[in-house]
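Please read the structure below before turning to the comments.
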Number of protein chains: 2
Amino acid sequence: MARRVVRKPTKVLMDLDARKATILKAVVVEHIDTALPVGSSAVAASADLDVSSATVRSEMVALEREGYLAQPHTSAGRIPTDKGYRYFVDHLQSGVLGAVQQQQVKEFFASVRGEVEEVLEQTSTLLSQMTSYTSVVVGASHAHATILSVQLVNLDSHHHLLVTVFSDGSVVKHSLTPSYAATPKEVMEASRQLNALLINTSLATRVQVPSRRDHEADLVREAVSILHAQQPVMEGEQVFIGGSSRVAEVFDGVETVRQVLAILEQELLVVSLVQDILDQGLSVAIGSEHGFEPLATCALIVAPVTIDGVPAGAVGLLGPTRMKYREAMAAAEVVSARLSRHFAGADDRG
Amino acid sequence: MARRVVRKPTKVLMDLDARKATILKAVVVEHIDTALPVGSSAVAASADLDVSSATVRSEMVALEREGYLAQPHTSAGRIPTDKGYRYFVDHLQSGVLGAVQQQQVKEFFASVRGEVEEVLEQTSTLLSQMTSYTSVVVGASHAHATILSVQLVNLDSHHHLLVTVFSDGSVVKHSLTPSYAATPKEVMEASRQLNALLINTSLATRVQVPSRRDHEADLVREAVSILHAQQPVMEGEQVFIGGSSRVAEVFDGVETVRQVLAILEQELLVVSLVQDILDQGLSVAIGSEHGFEPLATCALIVAPVTIDGVPAGAVGLLGPTRMKYREAMAAAEVVSARLSRHFAGADDRG
DNA sequence: GTTAGCAGTCAATTCTACCGAGTGCTAACG
DNA sequence: CGTTAGCACTCGGTAGAATTGACTGCTAAC
């Protein structure tokens, strides 16, 4: 499947003189607001500009030539290109989250309780509610966490459950369904041996399994192999998508909506997309920048979540290229920071 | 929130003479196929009818008067009402799944592996692929399963993980974060006591907790209370939604798409909707029948999943009222049956 | 370099006419 | 009496023409 390549935005030659920048900004702001092409007179009317529409026009042709603006057709206004949005995001916008939303985030993290998964899920709902965009929260894999406890539980003589607890607090179960009947006693003994064998190892470390040919040893061998087989599949990557109905609010064509939803369904794809962008140190990928065709009209904002400095996931927001970058970026940033703090040492209160 | 009331379809006076039935059937079939109002001549041309369009017309006014058909406007053809679809589903359609799909289901269940959750999730994808409708798979709560094992694992002195294994093979974790520092030894002892206390009980049975005022007893008390607190929230209800992008294929208005997606997001709502329909012994709820406003233009097909005769969940398909009932119902039925069998005693092979 | 003015472009809108699918009605037919 | 052919009528959809108006690019003057 088409490999996603993130193009680093070229910083070279990307500087516009003050007036062009002002005009570009006006166009972007207006177009984000109205979704319509914006004309020269609208820009000229913009408060912080004191020239006629004719002047604006000539600047606009320059901006168009340089690739910041585009015209849907002659005699329409201009709309920003991906490059135009990029410049806007990099140079022209700023500001922090509104006080109301600040408060909302604060209250959320003050009151949120429960397991990591629940917190992540609710966080994704929060983000999507705050921004009215679809949100993606990715919890990192526990591939490098160490095993705190392994337990083999007897369901019946042919069904056993391998329950593994990791140092990051995650719990994973696997079914063992041997063809032979194992006695509860054998299962218990196998469980004991597994503990001795695996505790404090990570899934990456290979261990010496017993080579005896009895039921206990068989169970142990099978359990270990199941557990270690997990690794390549990057088991444990958790994805929570919030507000997928927002997709239908924010894009207009039913077909576009369908495509975006189809992408979101492929959770693995979303994870790697978010990861790609994170790897590039980008916080927002606009339109073609993420190189993923079906999302050509989307922008994706990503902010990393870290626990004590260690990368532990990410939060993202998916919207149209004409999304409200300022608010959305602020929201992603604040939430990711709060989330990091929450996991770092939050729940040390009674 | 608006209580959903499922109206039992009245069987009284619902019998149409053979010709009316044929005409109704023709209209439904045609409209499902084309999404357009269907006129008298189209019906008259229908193979199994040997009358003129004029006759069909007079029958149609009767069918309209009786509420089976409706006219979008004068001089348009007729479209079926919910009542019309209902009659169609109850009396006029039949048939089984195509051989290709039969095979697909067979192969799927022959090759599917892994934990219950994964199977359910993949099943929901299967269903949605087979039918091109959005699918819902609901796994029953384990509220009545008994506890096979409880284990308290030490993360650090203030964080412990309570891992509970149930007889239905589900595993649940809860965090314990006491304000006092507990030693590994105390945690282990508490774990031992919890086991003694809870094994073979269900979440519904109350147990006698120790009343001592030491760390071990405190841990035990807190663990038990957390576990039992779960019950009312019907923890463990698992919902898997497959093919949500199909929503955008199958409904035309963006707004409709948004509403349906918004409903699907509310997983609890979906569960209770499915449950309601199941309780009424219905296998399909058409339009207003489920009494849930935002889904007025939807039909929901539900088939129960049982394990050894015990209800264990359900599979559902959500589509427009003009969905392909025959195929969709057949698919839901076959898949639910296979799924039931799969869980009953499938994985007893090596 | 800036601006007013102007001619030109082109999507969107409105209007009109018209088509045709489909109806309801009626009168004739077996 | 049920069935049918025939006919007038309705009304949504479409196609085309005319109009509008929001733009632009250009040019000449400031």
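Convention: sequence-line order gives letters A, B, ...; per-chain numbering from 1.
The line from CE of A:Met130 to CG of A:Leu317 is 9.0 Å long, rounded to the nearest 0.5 Å.
With a cut-off of 3.5 Å on both Watson-Crick or G-U wobble distances, the partner of D:dA29 is given as C:dT2.
Proximity of a side-chain donor or acceptor of B:Ser135 to a complementary backbone N or O of B:Ser124 within less than 3.5 Å is detected. Listed for the B:Thr321 side chain is no donor-acceptor partner under 3.5 Å among the backbone atoms of B:Cys298.
Note: CG (B:Asp50) to C1' (D:dG2) measures 15 Å, nearest angstrom. B:Leu36 has its CG atom 12 Å from the P atom of C:dA21, to the nearest Å. Taking atom CZ of residue A:Arg19 and atom P of nucleotide C:dG1, one finds them 10 Å apart after rounding to whole Å. Note: CG (A:Leu69) to C1' (D:dC23) measures 14 Å, nearest angstrom. The nearest whole Å value for the distance from the CD atom in B:Gln71 to the C1' atom in D:dC11 is 11 Å. Taking atom NE2 of residue A:His73 and atom P of nucleotide D:dT24, one finds them 11 Å apart after rounding to whole Å. Computed from coordinates, the A:Arg78 CZ to D:dC23 C1' distance equals 9 Å when rounded to whole Å. The distance between atom CD1 of A:Ile79 and atom C1' of D:dC23, rounded to the nearest whole Å, is 14 Å.
Taking the side-chain contact (heavy atoms from CB on, under 4.5 Å) definition, one finds that A:Lys324 meets it with A:Ile32, A:Tyr133, A:Glu327, sequence neighbours left out.
Side chains of B:Leu16 and B:Leu63 form a contact here, defined as non-hydrogen atoms less than 4.5 Å apart.
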Please tabulate, for side-chain N and O atoms in residues 70-80 of chain B, each donor-acceptor pair with protein atoms closer than 3.5 Å (sequence neighbours left out).
unit_1  : atom_1 : unit_2  : atom_2 : d
B:Gln71 : NE2    : B:Ala76 : O      : 3.2
B:Arg78 : NE     : B:Glu64 : OE1    : 2.8
B:Arg78 : NH2    : B:Glu64 : OE1    : 3.0

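Summary of the strand contacts: B:Ser75 and B:Ala54 both lie near DNA chain C, and taking for each the nucleotide with the nearest heavy atom, the more 5' one is attributed to B:Ser75.
Only A:Thr55, A:Arg57, listed by number, bring a heavy atom of residues 55-63 of chain A to less than 4.0 angstrom from any atom of DNA chain C.
When the side-chain nitrogen and oxygen atoms of B:Thr74 are compared with OP1 and OP2 of C:dT23, none of them lie within a distance under 4.0 Å. Taking side-chain N and O atoms only, A:Ser41 has no distance below 4.0 Å to OP1 or OP2 of D:dA22.
The aromatic rings of A:Tyr85 and A:Tyr325 sit tilted, their planes meeting at an angle between 30° and 60°.
The side chain of A:Ser52 lies closest to C:dA4, out of C:dT23, D:dT3, C:dA4.
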